[in-house]
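Labels below follow one simple rule: chain letters A, B, ... track the order of the sequence lines, proteins then strands, and each chain is numbered from 1.
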Number of protein chains: 2
Amino acid sequence: MLRLTKRSEYGLMALAFMAQSGQAYTSVREIVAKLRIPRRLLAEVLKDLSFSEIVEAVRGPGGGYRLTCPAEELSLARVVEVLEGAGTVAQCTDGSRCDLSPSCTIQEGINLVAQRVKSVLNDFTLAELSDCTTPRPQPVSLAQGLAV
Amino acid sequence: MLRLTKRSEYGLMALAFMAQSGQAYTSVREIVAKLRIPRRLLAEVLKDLSFSEIVEAVRGPGGGYRLTCPAEELSLARVVEVLEGAGTVAQCTDGSRCDLSPSCTIQEGINLVAQRVKSVLNDFTLAELSDCTTPRPQPVSLAQGLAV
DNA sequence: AGAATATAGCATGATTTTAGTGCTCTTTCA
DNA sequence: TGAAAGAGCACTAAAATCATGCTATATTCT
Ligand code: SF4
Ligand code: SF4
């Protein structure tokens with residue numbers, strides 16, 4: 001349906017939360033308390049993200065998760081890819097071929113679309129994602145002008 | 001999963017096919033024969049497209065479907081919207097609100113992403129979609145032309 | 001050492017979405 | 001009037017997604 005899964009959304013919400021929490025470790029408990037999302041599922045998502053080294057985990061008191069890189073350098077594409085696989089838009093866009101490809105006349109076109117969609121995700125950083133709602137003042141035009 | 005449904009793909013394939021068939025009416029039978037996709041499902045898709053006036057239908061011998069506007073003027077966005085609804089990327093992007101929106105910190109960001117994705121779809125016309133594969137003379141077309 | 005905190009790991013059931021299909025009716029053209 | 005072609009209708013099957021409980025292991029602090 002051209003939608004992100006909840007997994008991705010939860011993951012992004014959590015990451016955005018962490019991005020704002022500075023560089024301290026953030027526990028699942030905290031995130032769940034603030035964001036009101038299923039604890040168990042979030043835990044799994046974060047585990048995956050930790051496995052892919054998008055976040056690092058520390059156990060024990062005071063532990064939790066933390067971004068491994070600045071939010072400005074983490075693209076949505078990377079997160080989404082980890083959380084729901086490489087392919088977007090259609091099935092043939094991640095290398096795996098579909099039964100119809102021999103008779104499919106739009107394969108190349110679709111792949112082009114997929115590429116563009118992906119580049120949207122690639123150009124969108126976690127920083128931007130959380131900045132949109134961060135209680136920051138809005139010198140938006142300036143910031144954008146410089147950032148882009 | 002950020003994927004189009006089969007409905008959309010089938011629809012697009014069919015439309016692309018029609019775009020290449022000139023302005024003659026094309027029957028479901030023909031399309032199915034060439035494209036090897038489920039007949040019944042395609043019929044339903046085309047019915048929807050006809051309801052939304054993306055194609056027009058004519059019954060009876062020699063009838064079928066035909067694009068109502070030049071392929072250059074039909075955006076993927078329009079087709080996809082008809083076939084799988086307005087929302088993309090997340091649930092809150094089509095107006096309907098989700099339970100989490102009060103605590104969701106990324107809503108605006110996601111909406112921005114959705115907007116961009118949508119504009120990718122908006123800028124992509126059916127003409128482009130089929131052009132990607134059209135200009136290439138197919139080495140297989142001979143065999144196909146004779147076989148079918 | 002022991003208590004408390006927090007992630008890691010595991011399997012399964014419920015729900016939702018998507019895909020697929022058969023048959024009959026109506027319209028249109030020759 | 002007969003053949004072609006879309007219109008309408010309801011259901012089943014399969015897959016993806018969401019959600020959840022419990023135990024184990026690692027870390028820190030007292
Ligand atoms: S080959 Fe065609 S039908 Fe198959 S996934 Fe790609 S675009 Fe879709
Ligand atoms: S409000 Fe947040 S969680 Fe709900 S659909 Fe929008 S982005 Fe996703």
Side-chain angles (χ1 to χ4, degrees), chain A residues 1-11 13-14 18 21 24-33 35-66 68 80 83-85 87-88 90-91 96 98-100, chain B residues 1-11 13-14 18 21 24-33 35-66 68 80 83-85 87-88 90-91 96 98-100:
Chain A
M1 207 186 185
L2 210 45
R3 290 243 177 110
L4 293 172
T5 61
K6 289 293 179 195
R7 279 171 60 85
S8 292
E9 280 196 57
Y10 294 159
M13 288 169 80
M18 286 188 231
S21 297
Y25 286 98
T26 313
S27 70
V28 172
R29 204 173 211 66
E30 283 180 77
I31 302 177
V32 164
L35 268 40
R36 310 241 149 234
I37 59 186
R39 170 181 332 202
R40 182 68 189 66
L41 194 48
L42 176 62
E44 197 165 300
V45 166
L46 283 172
K47 186 200 59 183
D48 290 350
L49 290 175
S50 134
F51 188 75
S52 302
E53 291 176 322
I54 286 176
V55 298
E56 55 182 335
V58 168
R59 304 196 217 191
Y65 294 96
R66 185 176 64 174
T68 56
V80 171
L83 258 25
E84 55 190 60
T88 57
Q91 202 190 1
S96 67
C98 113
D99 303 338
L100 301 173
Chain B
M1 206 185 184
L2 211 46
R3 291 243 176 110
L4 293 172
T5 61
K6 288 294 177 195
R7 279 170 60 84
S8 291
E9 280 195 60
Y10 294 160
M13 288 169 80
M18 287 187 229
S21 298
Y25 285 98
T26 314
S27 70
V28 173
R29 203 172 211 66
E30 283 180 78
I31 302 178
V32 164
L35 268 39
R36 310 241 151 233
I37 59 187
R39 170 181 332 202
R40 182 70 190 63
L41 194 47
L42 176 64
E44 199 166 300
V45 166
L46 284 172
K47 186 199 60 184
D48 290 349
L49 290 175
S50 135
F51 187 75
S52 302
E53 291 176 320
I54 286 177
V55 297
E56 55 181 334
V58 168
R59 304 197 217 190
Y65 293 96
R66 184 176 64 173
T68 56
V80 171
L83 257 26
E84 57 190 58
T88 56
Q91 201 190 1
S96 68
C98 112
D99 302 339
L100 301 173

Check every atom of [options] against the side chain of [X] and return the nucleotide holding the closest atom.
| X | options | result |
| --- | --- | --- |
| P61(B) | dC29(C), dT7(C), dG8(D) | dC29(C) |
| P38(B) | dT21(C), dC18(D), dT7(C) | dT21(C) |
| E44(B) | dA10(D), dG6(D), dT20(D) | dA10(D) |
| S50(B) | dT21(C), dA7(D), dC18(D) | dA7(D) |

Does the side chain of [X] get closer than 4.0 angstrom to OP1 or OP2 of [N] through an N or O atom?
| X | N | result |
| --- | --- | --- |
| Y65(B) | dA7(D) | yes |
| Y25(B) | dA4(D) | no |
| S27(B) | dA4(D) | no |

Touch class at under 4.0 angstrom, heavy-atom based, for F51(A) against every strand present: nothing
Between atom [atom1] of [X] and atom [atom2] of [Y], what is the distance when rounded to the nearest 0.5 Å?
| X | Y | atom1 | atom2 | value |
| --- | --- | --- | --- | --- |
| L49(B) | R7(B) | CG | CZ | 8.5 Å |
| L35(A) | Y10(A) | CG | OH | 10.0 Å |
| E30(B) | S21(B) | CD | OG | 6.5 Å |

Which whole-number value in Å describes the distance from [X] [atom1] to [N] [atom2]?
| X | N | atom1 | atom2 | result |
| --- | --- | --- | --- | --- |
| L4(B) | dA19(C) | CG | C1' | 15 Å |
| K6(B) | dT17(C) | NZ | C1' | 15 Å |
| Y10(B) | dT18(C) | OH | C1' | 11 Å |
| R36(B) | dG20(C) | CZ | C1' | 17 Å |
| M13(A) | dC18(D) | CE | P | 13 Å |
| R66(A) | dA6(C) | CZ | P | 16 Å |
| R39(A) | dA8(C) | CZ | C1' | 16 Å |
| E56(B) | dT28(C) | CD | P | 13 Å |

Base dT7(C) to side chain R59(A), donor-acceptor N/O within 3.5 Å cut-off: yes
Under-3.5 Å donor-acceptor pair between R29(A) side chain and dT5(C) base: no
L46(A) vs L2(A), nearer the 5' end of DNA chain C by closest nucleotide: L46(A)
Which atom of V55(B) lies closest to which atom of T68(B), heavy atoms considered: C-CG2, 3.5 Å
Most 5' of T5(A) and T26(B) on DNA chain D, judged by nearest nucleotide: T26(B)
